[in-house]
Amino acid sequence: MLVVVVGAGIVGRQVVEKLVEHRHDVVVVDKDHNVCEEVYGETGAVAVTGDATRLSVLADAGVARADVVVCLMRSDADNIACSIIAKSLGAGRILARMRNPGYSEAYQLSGVSGVVRVADLLINQLMVEIEQPRIRRIMSLGGGSAQICSVVVPPGAWAVGRTVAEVASRREFPVESLIVGVYRMGEEAFLIPRGVHVLKENDTVYVITRSGEVKAAADILTGKSESGIPAVSRSGKGG
């Protein structure tokens, strides 16, 4: 997928590195020409120098074609302005970093798909938000080393019709992950699952897992191949 990362600070660079590593097409926007040169030299990502609160700069960066725009500038006001312009240009999803909680309503009105607070910002959380929109982080544990997340099982997924024990026993399912709950919307029931519980399509599955293994656990629940892992994930290619 095409991801535009706005703001190449410490967090922005780490996100770019991860995205390039995962074989996504990445465009970076930053005011500092030297920073853009460094990011290009280190990652090979396309870099655009300019003010991301200007429509012309975002248009040059290809925001209109972007699947995801990630706003990581130092100012909440700049991130909000960038989000509004990106939305007007037709960007797919918009994620933003929020420094001051007082801007929470403003971010919602700007059309962002997800807001990450500085206080609990984790690179793995951003990667999950970008690559796996079906995943929602409920809370962090152990200073961010583990997370409780919810994952919606889509129609046609390998996990549909499988027991919790079958899912957890897959070789690809992280060893230190545990399915701790299942919410079934049609029946308005919340299950504390045992191994014999069978998953159904559109179930919301709650998983506790290490932060770096969220995607691996989610792939089993959402993938459509027999192994539960989409071929694109096994090969390490994406986008």
Side-chain angles (χ1 to χ4, degrees), residues 1 10-11 14-24 68 70 95 97 114-154 156-185 189-239:
M1 66 175 73
I10 294 174
V11 173
Q14 291 183 66
V15 171
V16 170
E17 289 174 3
K18 285 282 189 180
L19 288 166
V20 171
E21 181 184 320
H22 289 202
R23 307 290 182 87
H24 294 292
V68 185
V70 187
L95 307 176
R97 174 176 62 174
V115 175
V116 181
R117 295 175 183 268
V118 169
D120 62 357
L121 179 64
L122 297 170
I123 298 303
N124 285 319
Q125 180 187 348
L126 267 176
M127 294 305 298
V128 165
E129 287 283 349
I130 292 168
E131 296 186 318
Q132 296 280 354
R134 286 183 175 272
I135 302 174
R136 289 291 176 266
R137 186 179 65 88
I138 307 301
M139 66 180 295
S140 294
L141 303 171
S145 62
Q147 296 187 37
I148 298 178
C149 299
S150 66
V151 183
V152 176
V153 179
W158 170 86
V160 174
R162 309 279 180 174
T163 65
V164 169
E166 285 179 283
V167 172
S169 66
R170 295 304 309 183
R171 178 174 55 84
E172 299 89 348
F173 194 84
V175 175
E176 296 187 26
S177 297
L178 184 67
I179 295 175
V180 295
V182 177
Y183 177 70
R184 192 155 290 161
M185 185 176 296
F190 187 88
L191 310 175
I192 306 298
R194 296 182 180 273
V196 296
H197 278 109
V198 176
L199 297 179
K200 297 182 179 180
E201 64 182 41
N202 297 320
D203 276 353
T204 299
V205 180
Y206 293 84
V207 181
I208 182 170
T209 183
R210 291 192 177 278
S211 294
E213 298 179 329
V214 173
K215 184 176 183 298
D219 279 341
I220 293 291
L221 292 163
T222 63
K224 295 189 177 182
S225 68
E226 290 186 2
S227 67
I229 298 291
V232 65
S233 295
R234 283 201 300 271
S235 66
K237 298 180 180 180

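These numbers were taken from a predicted model, which means no experiment stands behind them.
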Exercise for review: Give, for atom OG1 of T222 and atom NZ of K224, the distance between the pair rounded to the nearest 0.5 Å.
Suggested key: 9.5 Å
Revision key, fill the gap. Smallest heavy-atom separation, L221 atom then P154 atom, equals O-CD, 3.8 Å
Check your understanding: If you take all heavy atoms of I179 and F173, which pair is closest and at what distance?
Key -> CG1-CZ, 4.2 Å
Study note, to complete from the structure: Minimal heavy-atom distance between V207 and V180, with the atoms involved, is N-CG2, 4.4 Å
**Study point:** Where S177 and E213 come nearest, the two heavy atoms and their spacing
**Key:** OG-OE1, 4.2 Å
Review point. Of all heavy-atom pairs between S150 and Y206, which one has the smallest distance, and what is that distance?
Key: CB-CE2, 3.6 Å
Review point. Step by step, would you call H197 with V182 a side-chain contact (heavy atoms from CB on, under 4.5 Å)?
Key: CA-CA 9 Å; H197 278 109; V182 177; over 6 Å; no
Check your understanding: To the nearest 0.5 Å, how far apart are CG in L19 and CD in Q14?
Key -> 12.0 Å
Practice item. Could you check I148 against I208 for side-chain contact (heavy atoms from CB on, under 4.5 Å), going step by step and ending with a plain yes or no? Key: CA-CA 4 Å; I148 298 178; I208 182 170; 4.1 Å; yes
Exercise for review: Locate the shortest heavy-atom distance separating L199 from R184; write the atom from each residue and the value.
Suggested key: CA-NH2, 4.1 Å
